[in-house]
Structure formats: C-alpha cells, structure tokens
Amino acid sequence: MMLTIDPLRWGGALALCGSYLAMCLAIWRARMARSNGKAGGIAAPADWLVVYASQTGSAEYLAQRTAATLTLGGLDARAACISDLDPGLLGAAGRILFICSTYGEGDAPDTAARFAGKIMGESHDLSHLHYAVLALGDSSYANYCGFGRALDAWLAGRGATPLFGRIDVDRGAPAALAEWQHQLSRLAGTSDAPDWEAPAYGDWRIAARTRLNPGSAGAPLYRLALAPADGALPVWEAGDLAQVSAPGDPDHPREYSIASVPAEGRLELLVRLQQREDGSPGAASGWLCAGAGDADTIRLRIRAHQRFRLDGNAGRPLIAIGNGSGLAGLRALIKARIDAGARDNWLLFGERNRAHDFLCREELGQWLGDGALARLDLAFSRDQEAPCYVQHLLREQAGMLRAWVADGAAIYVCGSLQGMAGGVHDALVELLGRQQVGDLLADGRYRRDVY
Ligand SMILES: Cc1cc2nc3c(=O)[nH]c(=O)nc-3n(C[C@H](O)[C@H](O)[C@H](O)COP(=O)(O)OP(=O)(O)OC[C@H]3O[C@@H](n4cnc5c(N)ncnc54)[C@H](O)[C@@H]3O)c2cc1C
Ligand SMILES: Cc1cc2nc3c(=O)[nH]c(=O)nc-3n(C[C@H](O)[C@H](O)[C@H](O)COP(=O)(O)O)c2cc1C
C-alpha cells in the first residue's frame, strides 16, 4: 500500500496539536502563577480584569485581545464591560486594565454613563488597586481622550497605583497600540505576544446607487447596494457597521451603518455626501456617492457592533428612533425583526421636507400597510412654521411610549449626535424619568448608534 502525505491535513493536525499544547501550557502557567503569587517576575493576583468602556466596539475588541494576550502569558485574565464594575468588584479587584473610548464632547460612552455619573462621584479608597488606562480617542475633537483622562485622574486621586502611564490612542494609531502590547508582554512576562492585525478589507463593487432625496434642501443622500467582488457575501447582523477605506484617506477608515440584512443578498448603506468648508467632497462619502464607478474597487470591512445588535432584545417590541442617514441602522433592525415574524415595530423618523426627504417612502409605506410596522411617526422639521423633530413626536406620543416601554420594548436611536440624540435623550428622561432611562441603558434596552 502506498502511503500518501497530504501536506494540508498534516499541517492542520500539527497546528491543532500545537494549539492544544499551547493551551495546556497557558493553563499550567496560570495555575502556577496563582499558587506562587508570581508570574513573569511580577506579583500576580488571581484575577486580572480588563474593563472596557466602548460605544462602537473598538475598546471591547481590544479588551478581548488584551485578556487573551495575558492568558497566553499564563495570567488569569478576563474582559468585562464597565457597566458590570460595581463598587464591590472595584473593592475586590487587585489589578484592572481599563480600555475606554470617549464620545459626544469628551463624554463617557453610554455603557459607562452610570460608572461616570455615579461611581466616579463617590469617594472610594482604591489604594489596594493597580491599574493602567488605554484611552481611545480622536485628536480632532476638542476634548481628546476626555473620558480616559478623567478616569485616569480619578483612579490616581483615589489612591490607585498606575502599572504604567496612560496610553492615548489617536484614531487607532498603531504605534500607541504597539506600546500597549509591549506593556502587556512585560506584565505577562512574555516577549512573544503576537501582533494584533486589524481585520483585512474585502474588495466590493457598487451594484446600485440611487439618490434618495432629489431636490432636498439638505446634502444629497444615496442608497448604495454593494456586492463582494468574489461573489461571497460575508455574514453580519443587523446593527453592524461597515468600514470603508477611501483612496484619498486610506489610513482613516469611515464607519457606515449597514442598512440591509444578509438574507437580502446585498450590503446596503445610506450615505450622505459631505461637503468640506472649501467645497470639496468628503473623502469617503465623496468616493462612495460620486467618485467611484461600477468598475472601481471599494475597500470595505464589516465590524460587529455588538452594542447595537438586537441580541437579547430580539423578542421585545422595538421602538426605533432616528433621522437622516440614521434610517440605515434602523432599517436593518426592523427588517431583521420583520423577517423573524415580529410586527411590534414602531419607527419614529425625522427629516426636513416630506416632498423631498421621505426616505424609503415606498418600502416604509408597504411595511405599514401590511402590518409589519405597527406605527410610523414622521417629523418633517421644515414643513410647518415651528420646527418639529423626533423628540417632539415622542412628547406627542407620551402615553404610547410609556405603554410600549411597560410592555418591555427596547429603544434604538440612530443618526445625528448633534441635536437629535441629545433631544431624544432629554425627551425620554422627561417622559420616563431619569431612573428608568438609566435602568434601560444599563439593561441594554436603550441603545444608540449616533455620530
Ligand atoms: C458609528 C458611525 C456610523 C455612521 N454611519 C453613517 C451612515 O450610515 N451614513 C453616513 O452618511 N454617515 C455615517 N457616519 C459618518 C461617516 O463615518 C463619515 O464621518 C462621513 O461620511 C464623513 O466622512 P467623509 O470622509 O466623507 O468626510 P471627511 O473628509 O471626513 O470630512 C467630514 C467633515 O469634516 C470636516 N473636514 C474634514 N477634513 C477636512 C479638511 N481637510 N478640510 C476641511 N474640512 C474638513 C468637514 O466639516 C467635512 O464636512 C457614521 C459615523 C459613525 C461614527
Ligand atoms: C460621535 C463621536 C464623538 C466622539 N467624541 C470624541 C471626543 O470628544 N474625544 C475623543 O478623543 N474622541 C472622540 N471620538 C472618537 C472615539 O473615541 C474613537 O473613535 C474610539 O476609537 C471609539 O471607540 P469605541 O468603538 O470603543 O467606542 C468620537 C467619535 C464619535 C463617532
């Protein structure tokens, strides 16, 4: 009998054995670290917490990678959302690595609202705690890494000891992330932490591009259908984001809320064509809405946006609130629920003029007609003398809002941070009370994808 060697199968088997041995080694090192109280030369507690405060998932992703790197180095590490960090856990934890982004105008992300608003206002003694902060931000904002800085100052002010100085990451800058990885290797006593490569872009083509608001007083808004160049549609969930790397600014990808679900066979975006002060088009929106043709390659990758998925809310009534291009994320969520047979979907949507800005009018009308949308409330701000926005619709429908929330509804908000998201938040606080809004946020029943 002739023995044939299939290199792929052998390679796979060897890789499997290698992974298994690496896993055993990691578990053994973690156990030794715990029993000795030492790992890689530094005192190691039984548990390292990697706490993330994330809005769109970058900090969460880096926290998972951080915990995995520490675990590979033999430490007992686990990633946790900052919303789970209560005073008890804070008092018991010996080592915490914080990874946090900044939102709004120097604010904490939504998941950190309670921590920032309550716990950081209290006087805890944290002299038992060793910590480090990786602050994610964007230096084009006035309050660069505002929440990371505030958290760092608060921890130090409460007596906690930094393991090393805060590292600020400007728009995912690789050098800052490499510095963080270097510090992790030092903590874990390893010199071989694998590089964290960002997921690769795929090549896509524009299959269709339609202007949704001809004649609008606002900037043009397009519905784009994109198809993968190799024909294989990747998997995503309603709520996820697409990152586009534009030729004019390839190192700074732009995020777009995905408007379709995979069952529709195409990836759709709603993109507003931005214009810069000098009249030139925005780097990414200009490329997607005007610059790129059918034959051009669009470099795009999908980013799981855990916080904006339906997840545990899939079975709850949905209140979807938004404006402008924010309809993208809301449409995907509503479509996913319709496909799953849910009809208790309520959309509150705002734009400028009914005549030009009633986006996806036919589809929404059809959904309403066949009962897939239980309610559709529209606010066209410029169709009457006094401006009317989605937050006004909420006030008009206060009874209905309270009834839906009492019935277990989840609230999803997508669109402009300026004006809309703040106005909606204030209306919710006014109508439901601060306590209930805080509870909805903490329970993941109030989620936002605002920009
Ligand atoms: C989570 C998330 C989801 C999003 N979803 C959507 C969506 O579904 N649809 C959508 O349309 N957008 C969405 N956005 C916004 C989108 O990511 C981009 O920010 C937007 O398209 C503008 O990018 P751009 O490259 O076209 O413009 P840029 O080139 O970045 O310019 C944008 C603005 O910045 C200023 N600017 C930047 N550079 C200059 C310069 N050199 N000179 C002068 N001014 C400058 C101008 O005011 C300009 O209007 C989302 C953003 C986030 C964070
Ligand atoms: C609407 C919006 C507001 C932001 N505000 C700030 C800010 O005030 N200061 C800052 O440094 N970064 C700001 N950022 C940048 C984010 O902190 C940065 O993109 C971060 O990597 C996001 O991480 P996350 O995905 O974990 O939320 C803002 C980003 C967005 C989209």
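Because the structure is a prediction, the values reported are computed rather than measured. We count ligands from 1, going down the list as the structure has it; atoms in each ligand are counted the same way.
For atom 19 (O) of ligand 2, the protein comes within 4.0 Å by no heavy atom at all. At a distance under 4.0 Å, no protein heavy atom can be found next to atom 47 (O) of ligand 1. At a distance under 4.0 Å, a protein heavy atom can be found next to atom 17 (O) of ligand 1. Under the 4.0 angstrom criterion, atom 35 (C) of ligand 1 counts as lacking any protein heavy-atom contact.
For atom 20 (C) of ligand 1, the closest heavy atom belonging to the protein is Tyr256 OH, 3.8 Å. If you check which protein heavy atom lies closest to atom 32 (C) of ligand 1, you get Gln274 CB, 4.7 Å. Among all protein heavy atoms, the one lying closest to atom 8 (O) of ligand 1 is Ser257 N, 3.2 Å. Scanning all protein heavy atoms for the shortest distance to atom 1 (C) of ligand 1 gives Asp449 OD1, 3.3 Å. With hydrogens left out, the protein atom closest to atom 23 (O) of ligand 1 is Arg254 NE, 3.5 Å, a heavy atom. Counting protein heavy atoms only, atom 13 (C) of ligand 1 is closest to Tyr451 CE1, 3.4 Å. Annotation: atom 26 (O) of ligand 1 to nearest protein heavy atom, Ser285 OG, 2.6 Å. For atom 11 (O) of ligand 1, the nearest protein heavy atom (residue, atom name, distance) is Arg272 N, 2.8 Å. Ranking protein heavy atoms by distance to atom 2 (C) of ligand 2, first place goes to Tyr141 OH, 3.3 Å.
Taking all heavy atoms of Glu255, Gln55, His305, Arg276 into account, the minimum distance to atom 44 (N) of ligand 1 is reached by Arg276. The residue among Gly322, Gly282, Ala246 with a heavy atom at the shortest distance from atom 27 (O) of ligand 1 is Gly282. Here atom 8 (O) of ligand 2 lies nearest to Gly106 when heavy atoms of Gly106, Ala53, Cys145 are compared.
The backbone and the side chain of Thr56 each have at least one atom closer than 4.0 Å to an atom of ligand 2 (non-hydrogen atoms only).
Every N/O-N/O distance between Ala328 and ligand 1 stays at or above 3.5 Å. At least one N or O atom of Ala284 sits closer than 3.5 Å to an N or O atom of ligand 1.
Using a 4.5 Å cut-off on side-chain heavy atoms (C-beta onward), Trp236 and Ser260 make contact. Within the 4.5 Å cutoff, the side chain of Leu184 has heavy atoms near those of the Leu97 side chain. Counting heavy atoms from C-beta outward, Gln183 and Leu163 have side chains that stay 4.5 Å or more apart. With contacts defined as side-chain heavy-atom distances shorter than 4.5 Å, the pair Asp344/Trp404 qualifies. The shortest side-chain heavy-atom distance between Asn213 and Arg211 falls under the 4.5 Å cut-off.
Below 30°, between 30° and 60°, or above 60°: for Phe115 and Phe98 the angle between ring planes is between 30° and 60°, a tilted geometry.
For Glu362, the CD atom sits in a loose shell: 12 or fewer heavy atoms of surrounding residues, nucleotides or ligands are nearer than 6.0 Å. The environment of Asp294 atom CG is sparse: at most 12 non-hydrogen atoms of other residues, nucleotides or ligands sit within 6.0 angstrom.
Ionic pairing of Glu351 and Arg361 is not present here: no N-O contact between side-chain nitrogen and carboxylate oxygen is shorter than 4.0 angstrom.
Contact between Thr102 and Gly148 at its shortest, heavy atoms only, is OG1-N, 4.0 Å.
Not close to ligand 1: His252, with no non-hydrogen atom less than 4.0 angstrom away. Distances shorter than 4.0 angstrom occur between a heavy atom of Leu270 and an atom of ligand 1.
Of all atoms in ligand 1, numbered sequentially from 1 with element shown, those under 4.0 Å from a heavy atom of Gln275 are 49 (O). Numbered from 1 in the order shown, with element, the atoms of ligand 1 that lie under 4.0 Å from a heavy atom of Ala283 read 24 (P), 25 (O), 26 (O), 27 (O), 28 (P), 29 (O). Heavy-atom proximity to Ser58, at under 4.0 Å, picks out these atoms of ligand 2: 23 (O), 24 (P), 25 (O), 26 (O). Counting the atoms of ligand 2 from 1 in the order shown, those under 4.0 Å from a heavy atom of Tyr144 are 11 (O).
Here the two rings, on Phe147 and Trp154, have centers that are 6.0 Å apart or farther.
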